[in-house]
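What you see is a predicted model; the values in this text were computed from it and never measured.
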Amino acid sequence: MEEMKANGKISIVFRRRSDGKTYMAKQYYKLPMQVMKPHYYDKDGTAFVYSLNPAGGILQHDRLLTEIVSEAGSDAVFTTPGNNKFYKMDEGYARVVNRLTVKSGGVLEYLPEHNVPFAKAKVFQENEFRVEKGAVLFAADMVTSGRAANGEVFQYDIYSSKTKIYVDGELILYDSCRMEPACENLMKLGLMDGRKSNGSMYVYAENINSDLKDKINALSSESVKIAAGFITPELMVVRFIGDSIMDMVKATQNVWDCCRKSILGKPAVRLRKEFLSIG
């Protein structure tokens with residue numbers, strides 16, 4: 001992949017103020033990407049920041065870059081108000097790069113909504129998470145089959161998502177997902193097993209209780225299958241596979257709630273969201 005010149009960019013540094021609230025000490029955005037001012041739903045000063053796309057979705061030739069640094073002592077949740085739509089692409093492709101750094105003592109919860117590749121979309125996403133020991137990171141990466149309510153089920157050309165997690169500069173995890181519906185039946189047993197949505201949540205913390213994996217696995221249901229496992233004692237990966245987008249959203253919320261209570265000692269909050277009906 002070529003060195004990217006971003007046409008849309010978000011750059012944020014989260015820092016904790018003397019009154020305990022986390023704020024954006026530095027912020028920059030370039031349309032078609034935009035950030036809103038922080039909301040404070042928790043009582044501990046955690047900053048909840050929404051990223052917006054005024055264009056309504058991601059277009060061919062878009063090159064979008066998000067860079068976030070969470071400093072020691074900061075607590076932030078970064079999310080989107082709705083699904084991330086990738087429109088039809090007659091030529092070219094869209095590339096999305098997310099680079100997150102969490103310093104020791106910092107907490108970053110990166111929870112964007114599901115990616116929705118429309119028919120003929122070509123999507124290349126790269127996630128790079130760099131954490132220091134003593135940091136906490138929750139990061140989600142979810143994707144649907146497309147606009148199922150419109151009959152678009154795996155009609156995109158390609159969806160590629162690569163995730164790298166570094167701990168103190170050492171590569172600990174490299175996760176690669178490449179889906180090309182024209183080349184393979186994605187619904188077959190061993191891949192999507194007849195389901196239309198899938199994704200992962202990555203959880204890094206030094207104080208992960210060994211029983212958290214079992215608590216998360218107990219959340220698995222017929223509508224959404226969930227499987228959690230440890231890569232290292234400090235890094236856990238949770239896999240999701242399901243059908244209904246709303247069931248997937250609920251399952252993600254439940255896993256987030258379970259992780260938050262166990263690691264941060266507080267429940268998940270109900271974020272303000274608007275969803276596209278995609279089945």
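Under the rule for a ring-ring contact (aromatic ring centres under 6.0 Å, His included), the partners of F48 that lie at least two apart in sequence or sit in another chain are Y41. Legend: residues meeting side-chain hydrogen bond (donor to acceptor under 3.5 Å, both in side chains) with R178, ordered by chain and number and at least two apart, are E180. Applying the salt bridge (charged side-chain N to carboxylate O under 4.0 Å, His left out) test to E91 and every residue at least two apart in sequence or in another chain returns nothing. Not counting sequence neighbours, Y23 has no partner by the ring-ring contact (aromatic ring centres under 6.0 Å, His included) test. K266 is linked by a side-chain hydrogen bond (donor to acceptor under 3.5 Å, both in side chains) to D42, D44, T46, counting only residues two or more places apart in sequence or in another chain. For H61, there are no ring-ring contact (aromatic ring centres under 6.0 Å, His included) partners, not counting sequence neighbours. For Y204, the side-chain hydrogen bond (donor to acceptor under 3.5 Å, both in side chains) test picks out no residue, with sequence neighbours left out. In this structure S51 satisfies the side-chain hydrogen bond (donor to acceptor under 3.5 Å, both in side chains) test with no other residue, sequence neighbours excluded.
Atoms OH and OG1, from Y110 and T66 in turn, are 5.5 Å apart once rounded to the nearest 0.5 Å.
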Show your working on side-chain contact (heavy atoms from CB on, under 4.5 Å) between V49 and F14 and close with a plain yes or no. CA-CA 10 Å; V49 174; F14 286 113; 3.7 Å; yes
After noting the C-alpha distance and the side-chain angles of S200 and D141, does the key distance pass the side chain to side chain donor-acceptor pair (under 3.5 Å) rule? CA-CA 5 Å; S200 302; D141 180 15; over 6 Å; no
For F124 and I158, what are the C-alpha separation, side-chain angles and deciding distance, and is it a side-chain contact (heavy atoms from CB on, under 4.5 Å)? CA-CA 8 Å; F124 294 88; I158 183 170; 3.9 Å; yes
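Taking the six-membered ring for Trp and thresholds of 30 and 60 degrees, F86 and Y159 have ring planes more than 60 degrees apart, a perpendicular arrangement.
Among residue pairs with one or both ends in residues 163-174, those qualifying as side chain to side chain donor-acceptor pair (under 3.5 Å) are N127-T163; sequence neighbours excluded. Applying the salt bridge (Lys or Arg N to Asp or Glu O under 4.0 Å) test to every pair with at least one member in residues 216-226, sequence neighbours left out, gives these pairs: R195-E222, E222-K225. Here side chain to side chain donor-acceptor pair (under 3.5 Å) pairs that include residues 210-221, with residues two or more places apart or in two chains, are S221-S223.
Nearest heavy-atom pair, Q60 versus K88, reported as atom, atom and distance to 0.1 Å: OE1-O, 4.5 Å. The two residues P54 and Q34 have their closest heavy-atom pair at CG-OE1, 3.3 Å.
Between D19 and K21 there is no salt bridge, since no side-chain nitrogen of the basic residue lies less than 4.0 Å from a carboxylate oxygen of the acidic one. Using a 4.0 Å cut-off between a side-chain N of Lys or Arg and a carboxylate O of Asp or Glu, E67 and R99 qualify as a salt bridge.
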What donor-acceptor contacts under 3.5 angstrom involve side-chain atoms of residues 100-109, with partners at least two apart or in another chain?
residue: S104; atom: OG; partner: K133; partner atom: O; Å: 2.8
residue: E109; atom: OE1; partner: W256; partner atom: NE1; Å: 2.6
residue: E109; atom: OE1; partner: R260; partner atom: NE; Å: 2.8
residue: E109; atom: OE2; partner: R260; partner atom: NH2; Å: 3.1

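The only member of V143, T80, V249 that meets side chain to side chain contact (heavy atoms under 4.5 Å, CB included) when paired with H114 is V249.
Between the side chains of N7 and D62, at least one donor-acceptor pair of N or O atoms lies under 3.5 Å.
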